[in-house]
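No hydrogens, no waters, no symmetry mates; every other heavy atom, side chains included, goes into these values.
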Amino acid sequence: MSLILIRKSDSMSEEEAQMKLKLAVDDPLTVLLIVYGEGADIEAVLEVAIARASVKNAIRRVVYVPDVSVMSSQQKKAYFRKGKAAVSIGLDDKIAKTLTPRQARIRAYVEQAFVHAESQGVENHESGDIHTHRDRDIR
Amino acid sequence: MNRVISILIAIVIFASPVFADDPSIPSQAEVRVQLPVSLKTAITFIEHPEKKAPRSIIYPVHLMAVDYKSELIILPDKNIIKKISASNRPVLPELSEGVQNWLSDIPKLIKAASDYVAKTSETLETLDKTAPNKESLKTDDVKYLQQKIVEQGKLGREIVDLIVELAERKAHYLYKDDTAAFDEEINRITESLLKANIDGKDVDVILNVEAFALFVAEEINFAKQIISKDVEAANKSGIAQLRMKAWLKDSKNKESAVGIKNYYEVKSYTGPKRPRVAFRMTEEEQQRVEQGLEIANDAAKLIEEFQEKKEALLSQLQKLQVETQQKIKKLHPAIDAMKKYIISDDELDTIDEIIAAAEQYEDATDNQKKALKELKSFFESFNKDIQSIHNGYVELIRVTDNITPARLTVLFSKFPEKIQNALNISLGYPGKLHQNFQNIEILFEVLAAMTEAEATTRLAEAKNIIDGFVANTKKLLEDYLEDYAALSNAVMQVVFRSQVVEMADVFESSANDPRIRALSIDDIRSGFINLDETPADHGDNLYIDFELFTLTENGEEHVIDAGSQTFEIERFGLTDDFSANLIFIDRIGKGSPSDPETNFKPVPSASWTLHYNIRVSPGDSWLRGFYRFLDPGIGINTTAMDFENKNLQFGIGAHVTLFQNLLIFGYGYNLQASKDNEYYYLGIGILETMNTVGSLFGK
């Protein structure tokens with residue numbers, strides 16, 4: 001199963017949840033797609049993310065954070081971007097791509113986020129959002 | 001004398017390098033590359049001087065000056081102008097370099113895809129093997145595996161980025177701002193590469209390498225087609241056109257139109273041009289001025305007439321528009337009221353039955369039966385006709401809601417069918433009504449003749465319905481139909497007049513000149529100005545304006561780009577002129593003891609001077625610039641003087657001038673002195689001095 005749930009619950013404290021996230025990020029041989037939020041739209045995102053992760057189970061993981069408040073301030077700074085439904089994290093533990101809620105439901109963009117994370121060597125830095133023609137037009 | 005000749009020869013020798021040929025110039029393409037693309041840089045010029053080879057004039061490399069007898073060739077670059085005209089339309093940006101590269105080598109693409117598949121498989125297999133012992137991997141092993149992941153990731157990224165770029169381009173072209181449709185299209189295009197056909201499960205991209213290559217090739221071709229179509233569409237729609245006009249302005253700011261062959265039809269100047277070197281001044285120059293004035297007057301008169309006509313048209317149009325709008329306003333209540341007069345189905349059925357009963361009356365005459373048949377047909381179509389007229393009113397109000405010349409021009413070309421139908425019905429309706437009122441009388445006659453009880457009842461029934469109908473119809477249809485016909489007529493008048501005003505507007509926007517011919521960009525060709533067929537002369541300026549424009553759907557002009565170019569008119573090469581001078585003569589020798597002293601005595605003189613004018617461009621040798629600054633001339637003059645108290649004696653001399661005849665130095669011979677006839681002189685050109693001083697204080 002490639003889904004990792006990060007949530008405070010009766011069986012898991014906030015600190016434990018933060019540690020779980022850290023371990024997932026620190027895994028030197030996997031790339032992550034962290035999905036944020038709740039609701040039917042996010043469920044659709046998760047479905048696509050898990051489907052794309054399953055294609056390369058060995059190196060891809062999906063981390064689900066329904067409530068971002070569970071993350072430490074340091075983790076939020078490093079892995080959360082306002083307005084984005086998902087971010088991909090490369091082997092250097094930095095954000096490789098971010099996805100808007102609309103993009104995160106589309107297989108091609110999720111796959112793009114994963115391969116960008118996979119291509120990111122340990123010395124690469126955050127390369128920012130996926131810009132589509134639409135976004136360029138809007139700008 | 002020998003001294004003078006020596007000086008003159010020295011000057012000629014000194015100046016000889018100045019007369020060298022024009023230095024080599026960069027090519028037009030080289031210059032154009034350095035300048036931003038615009039209509040001004042899309043148009044280049046060639047001067048074809050009299051009896052000399054053509055030469056390019058490139059802005060800003062060369063001085064923009066032409067000889068007064070040259071032919072000036074205007075060369076619009078069709079390809080650049082097409083690009084300028086297309087640049088206003090939304091054209092998709094070029095495909096990225098990466099995509100261009102892929103297109104050029106599909107086999108390479110297939111190989112890259114195969115490598116990706118191979119590398120990914122290898123990496124995943126290796127990771128699968130190490131998975132159970134992941135925790136105990138050594139650092140080097142981890143680094144090795146990371147390297148493998150990154151290698152396959154880079155290949156995958158290149159391929160996925162390409163897929164996304166192509167899919168986005170297609171989706172954007174098809175759906176532009178429709179976000180939902182855009183997303184659906186992206187999904188549709190890419191799904192086949194990300195899901196297995198058989199079971200719909202997600203698979204690694206490009207599982208089928210050949211299918212992937214085919215997908216990429218198809219999408220790239222589509223992208224290329226979009227771009228070429230957009231540029232073509234941009235150029236064709238709106239029919240971009242190029243027009244230009246030219247005019248001369250002399251030193252007194254008097255303007256005269258100058259013809260450009262293929263673009264601006266102005267009648268040629270047929271008067272004689274002043275020769276470069278002439279010994280007669282006044283007559284030719286006078287004629288030149290006269291003819292120039294004639295051409296200017298012709299154009300001014302034509303434009304004035306047109307403007308007056310246009311003003312009159314505008315005034316009539318405005319009046320018509322107001323009247324028409326008032327009529328429409330007046331009829332507004334009638335539009336809704338019309339619906340009330342539609343006969344109900346029940347009433348129609350009743351009338352039908354009554355007429356049928358009357359038709360069956362045995363004693364009804366043939367004429368009566370014919371009338372009844374007509375009446376039946378009239379009632380059957382009545383509601384439909386009223387509805388048509390009603391629809392026509394509504395449509396008329398809608399289209400004339402905002403009467404502008406541009407809108408009405410469109411109306412003129414495709415007058416709405418609804419209005420036309422309604423007009424056709426209403427124009428013939430008064431006659432039809434009158435006829436059927438008579439038919440109604442005949443119906444009543446027949447019913448009255450029927451003696452049976454049923455007929456009497458029917459008569460009463462018919463009278464009841466039809467009396468009401470007649471009363472309403474008479475008022476409504478007669479009054480409003482006439483008004484409607486008059487109104488439609490008024491609208492047609494407005495449309496027609498506005499068409500004329502629209503044409504006047506077009507001419508006005510064509511720089512006030514109906515002689516301008518605009519060419520569509522596919523038909524663009526060179527323009528030619530033959531300056532020898534114009535009054536152009538030294539000191540004038542030639543102005544050329546260009547405009548690239550389109551016509552919108554409403555017939556309005558939209559200027560895409562405009563430019564202009566000014567040329568100084570010169571007389572290059574050997575040329576002469578006449579000037580009046582104030583000279584100070586100094587007699588060589590004292591003459592007789594009784595002769596008055598002539599020591600730089602001021603006297604008037606008239607000179608004829610030869611110059612050799614050269615072109616000087618930015619970047620030329622400083623010698624050429626210096627020569628032009630000095631503007632040396634040589635010539636002869638005649639002087640009125642008095643060496644011997646004889647009131648008037650004449651001398652002739654030879655001189656050298658500088659600074660456009662502003663300064664003059666010479667040597668002369670008094671023809672009438674008895675001894676010591678020679679003199680030398682210094683002088684200033686009177687008119688040139690006045691011009692110079694005047695220019696210091698502005699115009």
Donor-acceptor under 3.5 Å (A/Glu118 side chain, B/Gln152 main chain)
no
For the student: nearest non-hydrogen atoms of B/Ile186 and A/Ala108, plus distance:
CG2-CB, 4.4 Å
For atom NZ of A/Lys8, is the number of surrounding heavy atoms from other residues, nucleotides or ligands below 6.0 Å larger than 12?
no
Answer whether the closest heavy-atom distance between the side chains of A/Gln112 and B/Asp161 falls below 4.5 Å.
yes
Value for CG (B/Asp183) from CZ (A/Arg102), rounded to nearest 0.5 Å, stands at 4.0 Å
Spatial distance of atom CD (B/Glu158) from atom OG (A/Ser119) [nearest 0.5 Å]:
10.0 Å
Using 0.5 Å steps for rounding, measure from the CD atom of B/Gln147 to the CG atom of A/Leu91.
11.5 Å
I need the minimum non-hydrogen distance between B/Ile149 and A/Leu29, along with the two atoms involved.
CD1-O, 3.6 Å
Listed partners of A/Lys22 passing salt bridge (charged side-chain N to carboxylate O under 4.0 Å, His left out), at least two apart
A/Asp26
Quick note, salt bridge (Lys or Arg N to Asp or Glu O under 4.0 Å) partners involving residues 43-55 of chain A, not counting sequence neighbours, are A/Arg52-A/Glu111, A/Arg52-B/Asp202
Gap separating the CD atom of B/Glu185 from the CD1 atom of A/Ile106, nearest 0.5 angstrom
11.0 Å
Measuring from B/Lys154:NZ to A/Gln120:CD, what's the distance to the nearest 0.5 Å?
10.5 Å
Spacing of NZ belonging to A/Lys97 relative to CZ belonging to B/Arg157, to within rounding of 0.5 Å
6.0 Å
What part of B/Glu184 is in contact with chain A, defined as an atom under 4.5 angstrom from a non-hydrogen atom: side chain, backbone, both or neither?
neither
